[in-house]
Novice: 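First the structure, which I've put down as structure tokens, then a few questions once you've had a look.
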Amino acid sequence: MSRKLLAKTLVGAVAATLFALSTPAQSTYAPAPENLKARQDFQDDKFGMFIHWGVYSVLGNGEWVLHNRKLQLHDYERLPNFFDPEKFDAQAWVALAKAAGMKYITITSRHHDGFAMFDSKISDWNIVARTPYKKDPLKMLADEAHRQGIKLFFYYSQLDWHNPDYYPRGRTALDDGPWHNGRPDHGDWNAYLDTYMNGQLTELLTNYGPIGGIWFDGMWDKPDADWHLDKTYALIHKLQPAALIIPNHHQAPKPGEDVQTFERDLPGRNTAGFNTTFVTDQLPLESCNTLNGSWGFDIGDDKYKSVEEIEELLVRAAGNNSNLLLNIGPQPNGEIQDEFASRLRAVGEWLGKYGVSIYGTRGGPIAPSDWGVTTQKGDTVYLHVLNWHAPLLALPPFPRKILAARELIHGTKLQVAQSNDGVVLPLLPAEKGQTDRVLVLTLAK
Ligand code: FHN
């Protein structure tokens, strides 16, 4: 080995050791006490608002429009010129989430088009540099979230259809025939991850006060690539130890991750076709879904879920020991359309009465089933009857003696028959429009 090469190797080895000392590998990740507390709080919170909002919203055709229409970047790059959300009102967005009974907001800091919806110095492909709006809505939202006491998480797409260094390309550029959107056929993958992505994550974790965490999406585009997760996860946990890493990679959790999330499915189901059926019992769980059929604003999508469907989604998530992250796609002018807002407010009113059986609970002792689910807080089990039309409900054996049972809303006492074979409960008939009949069971110590 030449002296020059030896010197270089030594410098490299020292640098690697220093890095390893300052940012421990996440394969040996031991969550900080504040991270463990944040996980508990996250589980208690149960209900979050997901927001997909970007320059794609201008076209009213969802957040995948760049890819779906196989657009060229030089055309897509005209979009920021038309993005001027003069009606964006951070105070109103946060107030709506709170009125819906949501305890956190997860917003796209950038989606697969790579466009940063925040003031990034890493690249000028961002809202402040490229749009007539020139302001940073995430900063306004973060300040407002802190003021109104709601947590803010940043969605961050690891997949990037804009940056040339996202190379080699992933399946979204290769499937259904190759899509050349004008980028060169070469790029520096390491620079993309270590400089660009980690640079932007550093901005998000330093310029917006304490944040709830980072919600990653897009690794599924290159499932076999080396994503330098150790480095990225260590960076996040170093900058904000309480921040939760929530990766939507559709796989079993990897070291360094703090929450397992599922898309358009409850934990363990795979009706969507891309979720893993593995469910960890080590981490909090989350399931995300759309209020209509789309993530980003889609002007033709009127498949709005009814208030009752949303309530049922939330209850079934809770019974599966999971949070529900419910998505809306605001309009390009910054307004949240009334079809979303009115439904969210109605769910919030319902939670005003039923929230005690959801917030702060964990999945209950009886496995979720078609009839409904159970949630539990301490010695109290909440039986959520969602789909049962007979006057008696028979359940498998309970692990503990039931001391008392009552109906949640009116407090009506109920007689329980409990034996080693199971439990039988009488049900009051469902009232008109009542999604969930909740029975409150008090268990012996
Ligand atoms: O491709 C995205 C999609 O646009 C959206 O962001 C959802 C939200 O969970 N996740 C991806 C697909 O897994």
Side-chain angles (χ1 to χ4, degrees), residues 39-40 42-50 52 100-104 106 153 155 215-217 220 244 246-253 257-295 303-328 343-344 347 350-351 354-355 357-377 381-388 395-396 435-438:
R39 292 180 187 188
Q40 295 289 329
F42 182 79
Q43 285 185 294
D44 290 346
D45 287 347
K46 281 289 172 298
F47 193 25
M49 174 182 271
F50 208 1
H52 277 65
M102 292 158 153
K103 306 291 186 189
Y104 59 101
T106 304
F153 290 72
Y155 170 112
W215 206 97
F216 282 117
D217 201 357
W220 42 264
L244 302 177
I246 311 182
N248 185 35
H249 47 43
H250 311 154
Q251 298 170 26
E257 299 173 350
D258 301 307
V259 175
Q260 185 180 11
T261 196
F262 299 81
E263 181 175 329
R264 290 190 195 276
D265 264 317
L266 289 170
R269 312 273 171 77
N270 184 19
T271 60
F274 45 67
N275 285 309
T276 173
T277 51
F278 173 84
V279 183
T280 177
D281 58 3
Q282 301 296 309
L283 302 177
L285 307 174
E286 185 189 58
S287 158
C288 64
N289 218 315
T290 46
L291 202 155
N292 56 356
S294 317
W295 301 104
K303 295 191 203 75
Y304 303 104
K305 293 183 179 60
S306 67
V307 174
E308 292 74 25
E309 284 172 312
I310 299 166
E311 289 163 2
E312 180 162 347
L313 266 181
L314 176 58
V315 171
R316 288 203 183 271
N320 278 268
N321 201 30
S322 167
N323 287 14
L324 175 68
L325 180 63
L326 183 68
N327 182 76
I328 55 167
R343 284 167 174 78
L344 291 178
V347 173
W350 177 84
L351 273 166
Y354 289 83
S357 65
I358 295 178
Y359 299 123
T361 64
R362 301 292 182 268
I366 305 294
S369 185
D370 192 46
W371 65 264
V373 297
T374 55
T375 53
Q376 182 163 6
K377 201 187 303 172
V381 169
Y382 299 95
L383 217 74
H384 299 263
V385 183
L386 296 163
N387 183 28
W388 191 254
L395 297 174
T435 327
D436 187 12
R437 279 175 288 168
V438 180

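The figures here come from the full heavy-atom set of this structure, side chains too, leaving out hydrogens, waters and symmetry mates. We number each residue from 1, following the sequence as shown.
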Novice: Do Thr261 and Trp215 have side-chain heavy atoms sitting under 4.5 Å apart?
Specialist: yes

Novice: With side-chain hydrogen bond (donor to acceptor under 3.5 Å, both in side chains) as the test, would you mind laying out the steps for Thr271 and Asp265 before giving the verdict?
Specialist: CA-CA 7 Å; Thr271 60; Asp265 264 317; 2.5 Å; yes

Novice: I'd like to know whether Phe278 forms a side chain to side chain contact (heavy atoms under 4.5 Å, CB included) with Gln260, so could you lay out the CA-CA distance, the side-chain angles of the two residues, the decisive distance to 0.1 Å, and finally the verdict.
Specialist: CA-CA 10 Å; Phe278 173 84; Gln260 185 180 11; 4.3 Å; yes

Novice: What class does the angle between the rings of His250 and Trp220 fall in, given that below 30° is parallel, 30 to 60° is tilted and above 60° is perpendicular?
Specialist: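 Answer is parallel, since the angle falls under 30°.
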
Novice: Which pair of non-hydrogen atoms, one from Gln376 and one from Pro365, has the smallest distance, and what is that distance?
Specialist: OE1-CD, 3.5 Å

Novice: Using side-chain heavy atoms (C-beta onward) and a distance below 4.5 Å, is Leu344 in contact with Ile328?
Specialist: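 Contact flag for Leu344/Ile328 side chains = yes.
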
Novice: Provide the closest heavy-atom pair for Thr276 versus Phe262 in the form atom of the first, atom of the second, distance.
Specialist: O-CE2, 3.6 Å

Novice: Pair Asn387, Trp371 - check side chain to side chain contact (heavy atoms under 4.5 Å, CB included), show working.
Specialist: CA-CA 4 Å; Asn387 183 28; Trp371 65 264; 5.6 Å; no

Novice: Should Leu351 and Ile358 count as side-chain neighbours, where that means a heavy-atom distance under 4.5 Å?
Specialist: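 Answer yes - side chains close enough.
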
Novice: Rounded to the nearest 0.5 Å, what separates atom CG in Leu244 from atom CZ in Phe153?
Specialist: 5.0 Å

Novice: Tell me, with the steps shown, if Lys103 and Tyr359 meet side chain to side chain contact (heavy atoms under 4.5 Å, CB included).
Specialist: CA-CA 10 Å; Lys103 306 291 186 189; Tyr359 299 123; 3.5 Å; yes

Novice: Looking only at atom types and distance, does a side-chain atom of Asn275 sit under 3.5 Å from a main-chain N or O of Pro267, one as donor and one as acceptor?
Specialist: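 No.
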
Novice: Got Val259 and Leu283 here, is their nearest side-chain heavy-atom distance under 4.5 Å?
Specialist: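 The answer is no; the side chains never approach within 4.5 Å.
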
Novice: Looking only at heavy atoms, which two atoms of Ile310 and Leu324 are closest? And how far apart?
Specialist: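 Distance-wise, the nearest heavy atoms are O-CD2, 4.4 Å.
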
Novice: For a 4.5 angstrom cut-off between non-hydrogen side-chain atoms, does Ile366 reach Pro396?
Specialist: yes

Novice: For Tyr354 and Asp436, work out which heavy atoms get closest and say how close.
Specialist: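 Taking every non-hydrogen atom into account, CE2-O, 3.3 Å.
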
Novice: Dump the intermediate steps for side-chain hydrogen bond (donor to acceptor under 3.5 Å, both in side chains) on Thr290 and Arg264, then the final yes or no.
Specialist: CA-CA 8 Å; Thr290 46; Arg264 290 190 195 276; 2.8 Å; yes

Novice: Could you state the interatomic distance from CG (Asp45) to CE (Met102), rounded to the nearest 0.5 Å?
Specialist: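 So the gap between those two atoms works out to 12.0 Å.
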
Novice: Any heavy-atom pair between the side chains of Val315 and Thr435 that's under 4.5 Å?
Specialist: no

Novice: Mind running side chain to side chain contact (heavy atoms under 4.5 Å, CB included) on Leu325 and Tyr104 for me, showing each step along the way?
Specialist: CA-CA 9 Å; Leu325 180 63; Tyr104 59 101; 3.8 Å; yes

Novice: May I ask you to test the Thr361-Lys46 pair for a side-chain heavy-atom distance under 4.5 Å?
Specialist: yes

Novice: Quick one: OG1 on Thr374 to OH on Tyr382, what's the gap to the nearest 0.5 Å?
Specialist: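 Rounded to the nearest 0.5 Å, the OG1-OH separation comes out at 12.5 Å.
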
Novice: Using side-chain heavy atoms (C-beta onward) and a distance below 4.5 Å, is Asn248 in contact with Glu263?
Specialist: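 They are in contact (side-chain heavy atoms under 4.5 Å apart), so the answer is yes.
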
Novice: Of all heavy-atom pairs between Gln43 and Pro284, which one has the smallest distance, and what is that distance?
Specialist: CG-CB, 3.5 Å

Novice: Nearest 0.5 Å, what's the CD-CZ distance between Glu286 and Phe42?
Specialist: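 Separation between the atoms: 4.0 Å.
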
Novice: Got a salt bridge between Asp44 and Arg362, using NZ or NE/NH1/NH2 to carboxylate O under 4.0 Å?
Specialist: yes

Novice: If you look at every heavy atom in Ala100 and Phe47, which pair is closest and at what distance?
Specialist: O-CE2, 3.4 Å

Novice: Checking Asn270 side chain against Thr277 main chain: does a donor-acceptor pair fall under 3.5 Å?
Specialist: no

Novice: Supply the atom-to-atom distance Ser357 OG to Leu383 CG, rounded to the nearest 0.5 angstrom.
Specialist: 10.5 Å

Novice: Between the main-chain N or O of Trp388 and the side-chain N or O of Arg437, is there a donor-acceptor pair closer than 3.5 Å?
Specialist: yes

Novice: Decide if the gap between the ring center of Tyr155 and the ring center of His52 is smaller than 6.0 angstrom.
Specialist: yes

Novice: To the nearest 0.5 Å, what is the distance between CZ on Arg343 and CG on Leu326?
Specialist: 11.5 Å

